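This report refers to the structure that appears directly beneath it.
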Amino acid sequence: DQQVKQNSPSLSVQEGRISILNCDYTNSMFDYFLWYKKYPAEGPTFLISISSIKDKNEDGRFTVFLNKSAKHLSLHIVPSQPGDSAVYFCAARSGGATNKLIFGTGTLLAVQP
Amino acid sequence: DTGVSQNPRHKITKRGQNVTFRCDPISEHNRLYWYRQTLGQGPEFLTYFQNEAQLEKSRLLSDRFSAERPKGSFSTLEIQRTEQGDSAMYLCASSLTAGNKEQYFGPGTRLTVT
């Protein structure tokens, strides 16, 4: 079963506009959520994270929002830049001693100049 | 550069052969993780080490797979009698313990089994 879901395989936005990437999860025991960015032929790069006790975390152009009641989080990028074009993965920490991450299937963001 | 490194970056092998991949984590990181990523999917957890101890293995890790981290530094992942279904990107990540939630990934090893 897919515990972390990214229902939009792709998203296209104009440079300078806002990009909103969405993620849904099913397990209420997840205690930490992360976003990774991945370019072709490279490993995922950590972008931003949020604890389950928070509802917002901001870092420069990137903001992550968490709605625990809806089991939904989103990543906002504003303003979007062509260099942001990549696959974005949402991940959730499973809790316990492992710290293993459970990933969604990714959203391909294309920022058009 | 002090990031996570993986070797080789690409490996092509014939079905039935054995392959071994190496991961060098960020030097002060105690935890090391292996993930596998197939086309159109996100990375899937395989196993993790706390120092030299392998503390969890996914059911995805069949008995043809073995991982080691003999001195708590670099790790190796071996696949015996490779099958075409083993073709994937194998990713290594490392992190500090406890309070640090972020895992830092290497560039991956792309395995193609023909």
Side-chain angles (χ1 to χ4, degrees), chain A residues 1-10 21 23-25 27 29-54 57 59 62 64 66 73 86-108, chain B residues 1 3-10 21 23-26 29-51 53-61 88-110 112:
Chain A
D1 62 332
Q2 192 73 25
Q3 296 187 68
V4 178
K5 299 178 184 179
Q6 294 177 258
N7 292 318
S8 298
S10 63
L21 297 103
C23 178
D24 297 293
Y25 62 95
N27 189 340
M29 299 302 291
F30 290 147
D31 65 350
Y32 211 78
F33 301 90
L34 306 90
W35 285 93
Y36 283 84
K37 179 169 76 172
K38 187 179 184 303
Y39 294 117
E42 295 184 12
T45 302
F46 170 71
L47 200 55
I48 192 170
S49 60
I50 187 167
S51 166
S52 61
I53 63 173
K54 307 276 189 185
N57 187 28
D59 184 1
F62 303 92
V64 57
L66 176 62
L73 65 156
V87 177
Y88 289 77
F89 289 99
C90 169
R93 191 178 86 122
S94 63
T98 307
N99 277 6
K100 69 183 178 187
L101 298 179
I102 298 171
F103 285 82
T105 52
T107 296
L108 174 62
Chain B
D1 181 34
V4 179
S5 62
Q6 293 187 247
N7 288 290
R9 294 291 306 275
H10 304 275
F21 311 139
C23 170
D24 288 88
I26 294 171
H29 284 186
N30 304 89
R31 293 191 168 197
L32 186 148
Y33 301 80
W34 285 99
Y35 291 81
R36 180 174 71 184
Q37 184 179 16
T38 53
L39 196 62
Q41 301 297 315
E44 295 176 289
F45 170 80
L46 291 178
T47 189
Y48 105 100
F49 292 84
Q50 169 83 31
N51 298 312
Q54 187 175 18
L55 297 183
E56 183 171 341
K57 293 193 287 188
S58 163
R59 59 180 171 79
L60 294 175
L61 212 65
M89 175 75 83
Y90 290 84
L91 294 161
C92 175
S94 69
S95 74
L96 291 168
T97 54
N100 290 81
K101 315 300 191 295
E102 296 84 20
Q103 295 178 19
Y104 296 89
F105 283 82
T109 295
R110 167 74 65 189
T112 302

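Given the structure is predicted, the values throughout are model-derived calculations rather than measurements. The sequence lines fix the lettering, A, B, ..., with proteins before strands; numbering per chain opens at 1.
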Query raised in the report: Rounded to the nearest 0.5 Å, what separation is found between the CD atom of E102(B) and the CG atom of L47(A)?
Result: 11.5 Å

**Report entry** Segment of L55(B) engaging chain A (4.5 angstrom heavy-atom cut-off)
**Finding:** neither

Query - Residue list, salt bridge (charged side-chain N to carboxylate O under 4.0 Å, His left out) with D24(B), at least two apart or on another chain - result: R22(B)

Query raised in the report: What part of Q37(B) is in contact with chain A, defined as an atom under 4.5 angstrom from a non-hydrogen atom: side chain, backbone, both or neither?
Result: side chain

Which atom pairs, one a donor and one an acceptor, fall under 3.5 Å between side chains of residues 44-51 of chain B and the rest of the protein, sequence neighbours left out?
from   : atom 1 : to     : atom 2 : distance (Å)
T47(B) : OG1    : Q54(B) : NE2    : 2.7
T47(B) : OG1    : E56(B) : O      : 2.7
Y48(B) : OH     : A97(A) : O      : 3.4
Q50(B) : OE1    : R31(B) : NE     : 2.7
N51(B) : OD1    : N30(B) : ND2    : 3.2

**Report entry** Minimal non-hydrogen separation, L101(A) against Y35(B), with atom names
**Finding:** N-OH, 3.1 Å

Report task. With a 4.5 Å cut-off on heavy-atom pairs, point out which of G40(B), P43(B), P107(B) contacts chain A the most. Result -> P43(B)

Query raised in the report: Is it the backbone or the side chain of R110(B) that comes under 4.5 Å from a heavy atom of chain A, or both, or neither?
Result: neither

Query - Engaged part of L34(A) at the chain B interface, taking heavy atoms whose separation is under 4.5 Å - result: side chain

